[in-house]
Amino acid sequence: GQGGSIRCLAWDGHKNWLYSGSFDSSIFVWDIGGRQGRVWELHGHKSKVTALVYSHKYSRLISTGEDGKLVCWDMSKSRLETPDWAESDNCQLCNRPFFWNVKSMYEQKQMGL
């Protein structure tokens with residue numbers, strides 16, 4: 001997943017894709033509607049992603065970052081999927097429980113990134 005806190009989100013209501021921009025400079029495209037757990041990662045920023053806007057009419061995602069870049073992504077293009085992740089209730093980096101693992105979060109008094 002994303003290595004930093006999520007800063008911004010955008011939604012494509014036609015494809016049911018969720019876009020998330022992070023402090024680690026990555027943008028992830030989550031295929032929520034496909035229900036197959038597909039995700040793509042977009043690389044174009046060198047610093048925190050600060051804003052995302054999606055235009056269904058033009059099939060474009062616009063992103064801005066603290067690096068001063070404005071990137072226009074053509075979301076009609078095919079992309080390779082991000083490799084599979086291990087299924088776990090804890091973060092692979094910090095071993096803290098994810099938000100859906102409420103019992104463990106409560107017991108440990110902490111939450112994964």
Side-chain angles (χ1 to χ4, degrees):
Q2 288 175 303
S5 298
I6 293 176
R7 168 82 181 220
C8 50
L9 298 169
W11 178 252
D12 174 357
H14 294 282
K15 291 184 179 178
N16 290 329
W17 286 1
L18 178 66
Y19 303 95
S20 60
S22 176
F23 278 8
D24 69 357
S25 77
S26 66
I27 299 170
F28 278 35
V29 182
W30 307 86
D31 183 4
I32 305 296
R35 299 180 189 221
Q36 295 178 4
R38 296 186 316 161
V39 64
W40 298 270
E41 191 171 355
L42 306 176
H43 297 279
H45 291 281
K46 293 185 172 139
S47 188
K48 297 175 184 177
V49 177
T50 56
L52 296 172
V53 177
Y54 181 74
S55 168
H56 171 70
K57 181 177 180 180
Y58 299 105
S59 194
R60 299 287 192 272
L61 177 70
I62 307 295
S63 63
T64 60
E66 286 187 1
D67 55 7
K69 287 185 178 180
L70 176 77
V71 181
C72 181
W73 306 90
D74 184 351
M75 298 311 298
S76 65
K77 301 290 182 187
S78 296
R79 291 186 165 78
L80 296 176
E81 281 187 57
T82 300
D84 288 337
W85 301 341
E87 288 190 28
S88 174
D89 286 334
N90 293 327
C91 175
Q92 292 172 312
L93 296 174
C94 66
N95 201 32
R96 292 182 181 163
F98 287 125
F99 66 90
W100 60 79
N101 192 355
V102 176
K103 181 180 180 221
S104 187
M105 277 176 24
Y106 178 77
E107 289 170 354
Q108 296 179 26
K109 305 289 190 259
Q110 53 182 256
M111 183 165 87
L113 301 175

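- No single ILVMFWY cluster, assembled from side-chain heavy atoms under 4.5 Å apart, contains both Met75 and Val53.
- The shortest side-chain heavy-atom distance between Trp73 and Ile27 falls under the 4.5 Å cut-off.
- Taking CG of Leu52 as the reference point, atom OH of Tyr19 lies at 9.5 Å (rounded to 0.5 Å).
- The two residues Asp67 and Gly44 have their closest heavy-atom pair at OD2-O, 4.4 Å.
- Within the 4.5 Å cutoff, no side-chain heavy atoms of Val71 are placed close to those of Leu42.
- Here the shortest heavy-atom pairing between Ser26 and Val49 reads O-CG2, 3.7 Å.
- A distance of 10.0 Å separates NZ of Lys77 from OG of Ser59, quoted to the nearest 0.5 Å.
- In the hydrophobic clustering of this structure, Val29 does not group with Ile62; members are Ile, Leu, Val, Met, Phe, Trp, Tyr whose side-chain heavy atoms approach within less than 4.5 Å, directly or through other members.
- Taking both residues in full, the closest heavy atoms of Leu18 and Ala10 are given as CD1-O, 3.4 Å, listed atom of the first, atom of the second, then distance.
- Between the CD atom in Glu66 and the NE2 atom in His45 there is a gap of 11.0 Å [rounded to 0.5 Å].
- Counting heavy atoms from C-beta outward, Asp74 and Arg60 have side chains that approach closer than 4.5 Å.
- The cluster map of Ile, Leu, Val, Met, Phe, Trp and Tyr, joined by side-chain heavy atoms under 4.5 Å apart, puts Trp11 and Ile6 in the same cluster.
- One finds the CG atom of Asp12 at 10.0 Å from the CG atom of Asp31 (value rounded to the nearest 0.5 Å).
- Rounding to the nearest 0.5 angstrom, the gap separating the CZ atom in Phe28 from the CH2 atom in Trp17 is 15.0 Å.
- Note that NZ of Lys48 and OG of Ser22 are 10.0 Å apart. Values are rounded to the nearest 0.5 Å.
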